[in-house]
Amino acid sequence: MSYFKKINERNFDLNCLGMCNSLVNKYNVAGPRYTSYPTVPYWDNLSFSLKKWKESLSLSFEESNISQGISLYIHLPFCESMCTFCGCNKRITKRHDVEEPYIKAVLKEWSLYCKLLKGRPKIKEIHIGGGTPTFFSSENLEFLVKGILRKANLADDYEFSFEGHPNNTTREHLQTLYNLGFTRVSFGVQDYNETVQKAINRIQPFENVKKATLIAREIGYTSIGHDIIFGLPFQTEIDVAKTIELTKELMPDRIAFYSYAHVPWLKGNGQRGYKETNLPSGDSKRKQYELGKEFLSDAGYYEVGMDHFALESDSLFQAMKADTLHRNFMGYTASKTQTMIGLGVSSISDSWYGFSQNVKGIEEYYHLVEQHIIPVYRGHILSTEDLIIRQHILNLMCHFETSWSNKSLYVNELSDIVNKLKEMETDGLVIFEKEGIKVTKKGQPYVRNVCMAFDVLLQRKQPKTKLFSMTV
């Protein structure tokens, strides 16, 4: 069946169901993506201190290092050009002499953490993100990873992953990292339409993605991911359909299919190369999502959590089936660790009991690590209430259900939360079960809205300025 016919059928179905306009108009509001709770704008930075963060991390490490191991996120911020859809912390440069000093600083930061922690870290997970990690040479990436592993042991079921730019990810990158234990790679595709690519300044032919994907598969990577975004400037349903049709030729193991987050007000953001009127409406975005989801389902992909799809053979799908799916600042992951340490500029760490974020400026980052100071500039220590709400939101984001039957998950504002959920029940987004709720299939695209009902900090103090992207 051609995608043109499929689009016409999908439009008919949506109109018959009356699903799109009314729900989108009602629930398309600004809201968090909930990679953490509390969300960053609601961190209590005033009472936070580096001392409290160290205590929080030390406690978590002692509790979990032997049984679980720890996760590491390493942020490599350099890119050769600005992708105007990207909201990440990055520095644009074509000078590659920045690579070695940065890696040495990251390894110094890692040494500071290793001195703080009691015992040799056991690493279960490493993810290298950016920026553009493959901006760095394969030799420098090897120097980085070997430097990290020199001070740590490996968990039996460790998983290493990195983000690759299809235009500059070479066989040498893929082979070098594979030899170091990396078996997962994700490639940013976004969209294959040339008009969309020009608008987001990400010119990337299908042939480049195909080459990088096939080389990774040939080398032995067991989980290859593609990132596809809907809601981009000038993007249409046909563009989304064409992109997924091309993606099906390569059959990556997992696909992140998520909504473009338009947050041009954030400092250092490049999202100003097009007008608001160039973006699809909320109704159009929801149609793009529904269409893409159907195309992916037809191709054999299963929806995992929010915005993620995987083949049955992929570890992400298996984690969902085994009820071990987890979500943190790196997104969805097949394995849970209580302790996650972020290295590099702007990286966020999570001890479960607290969060911390590194300084965003590279020069300031260099200065602090040279002074033997862990380069944290803000954070939050979670209260008992925070921990309860965090668990509810994690349950919803990973399993689409949560329960307060256990007294340890009871929150004082439960009646207010239930009242908000009642309206969602009327709209068919959730169903109430005994002392708990379950998100329906119809409600899964609106899971962020469901989580917002539990977000007591957001309810107590609604933002007066733009903080979050739209939920649809």
Side-chain angles (χ1 to χ4, degrees), residues 3-4 6-8 10-15 17-33 41 79 81-90 92 188-206 227-247 256-295 306-307 445-449 452 462-472:
Y3 47 75
F4 295 104
K6 196 109 179 176
I7 288 169
N8 289 333
R10 167 51 59 183
N11 284 337
F12 176 78
D13 289 345
L14 286 172
N15 291 331
L17 291 171
M19 172 184 174
C20 225
N21 285 328
S22 60
L23 288 181
V24 168
N25 291 339
K26 183 173 184 177
Y27 290 105
N28 188 23
V29 297
R33 289 186 179 242
C79 301
S81 61
M82 170 77 80
C83 299
T84 58
F85 69 91
C86 177
C88 300
N89 184 303
K90 65 271 183 187
I92 309 304
V189 171
Q190 325 324 342
D191 188 282
Y192 286 120
N193 179 279
E194 289 185 10
T195 300
V196 176
Q197 289 187 354
K198 287 178 182 177
I200 64 175
N201 197 34
R202 177 82 171 212
I203 309 302
Q204 182 172 274
F206 172 73
D227 294 349
I228 301 172
I229 302 179
F230 62 91
L232 290 167
F234 305 106
Q235 194 179 40
T236 66
E237 292 164 66
I238 291 176
D239 297 329
V240 171
K242 285 182 176 180
T243 294
I244 294 177
E245 282 294 296
L246 286 169
T247 301
F257 180 54
Y258 58 94
S259 171
Y260 163 62
H262 191 58
V263 286
W265 54 86
L266 293 181
K267 185 179 179 181
N269 202 314
Q271 296 179 344
R272 298 181 185 275
Y274 36 82
K275 301 175 183 177
E276 296 270 349
T277 53
N278 299 141
L279 299 174
S281 66
D283 177 50
S284 176
K285 282 180 69 176
R286 179 50 50 197
K287 288 181 179 179
Q288 289 178 13
Y289 171 76
E290 293 293 333
L291 179 74
K293 185 168 70 169
E294 185 169 328
F295 269 62
M306 181 184 74
D307 304 336
Y446 302 93
V447 67
R448 290 168 67 186
N449 301 82
M452 287 167 68
Q462 290 288 333
K464 295 181 180 178
T465 58
K466 289 183 177 181
L467 294 178
F468 307 111
S469 62
M470 304 301 282
T471 56
V472 177

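The first residue in the sequence is number 1, and the count goes up from there.
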- Is the side chain of S259 donor-acceptor paired with the backbone N or O of I229 at a distance under 3.5 Å, no angle test? no

- Which distance, rounded to the nearest 0.5 Å, do you find between the CD of Q190 and the CD of Q235? 10.0 Å

- Query: Do F85 and Y260 have ring centres separated by under 6.0 Å?
  - Reply: no

- Message: To the nearest 0.5 Å, what is the distance between OG1 on T243 and CG on D191?
- Response: 3.5 Å

- Task: Side-chain contact test, heavy atoms from C-beta onward, threshold under 4.5 Å: evaluate it for V29 versus N449 and give yes or no.
- Result: yes

- Pairwise side-chain contact, E290 with P445, heavy-atom cut-off 4.5 Å (strictly under): yes

- Below 4.5 Å, heavy atoms only, C-beta onward: do L291 and Q288 meet side chain to side chain? no

- Item | Atom pair CD/CD1 of E245 and I238 - distance to nearest 0.5 Å | 12.5 Å

- Task: Quick one: list whatever passes side chain to side chain contact (heavy atoms under 4.5 Å, CB included) with S81, sequence neighbours left out.
- Result: N201

- Query: Within a strict 4.5 Å, meaning less than it, do heavy atoms of the N193 and K242 side chains meet?
  - Reply: no

- Query: Would you say P233 and L279 make side-chain contact, with heavy atoms under 4.5 Å?
  - Reply: yes

- Query: Is R286 positioned over the aromatic face of Y446, cation under 6.0 angstrom from the ring centre and no more than 45 degrees off axis?
  - Reply: yes

- Note on the structure: Nearest heavy-atom contact between M452 and P32 is CG-CD, 4.0 Å

- Which atom names give the shortest non-hydrogen contact between G231 and K285, and what distance separates them? CA-CG, 3.7 Å

- So, do F230 and F257 have ring centers that fall under 6.0 Å from each other? yes

- Item | D227: side-chain hydrogen bond (donor to acceptor under 3.5 Å, both in side chains) partners, not counting sequence neighbours | none

- What's the spacing between D239 CG and Q197 CD if we round to 0.5 Å? 10.0 Å

- Message: Less than 4.5 Å apart, side chain to side chain, heavy atoms only: is that true for T247 and I228?
- Response: yes

- Message: With heavy-atom distances below 4.5 Å as the criterion, would you say the side chains of K90 and M82 are in contact?
- Response: yes

- Message: Show the nearest heavy-atom pair for residues Q204 and Y192, with the distance to one decimal.
- Response: O-CD2, 4.0 Å

- Note on the structure: To the nearest 0.5 Å, atom CG of N278 lies from atom CG of L232 at 12.0 Å

- Query: Is the side chain of R202 donor-acceptor paired with the backbone N or O of G188 at a distance under 3.5 Å, no angle test?
  - Reply: yes

- Out of curiosity, C83 SG to I200 CD1, how far, rounded to the nearest 0.5 Å? 7.0 Å

- Note on the structure: side-chain hydrogen bond (donor to acceptor under 3.5 Å, both in side chains) filter on Y289, not counting sequence neighbours, yields E303

- Message: Is any side-chain heavy atom of R33 closer than 4.5 Å to one of R448?
- Response: yes

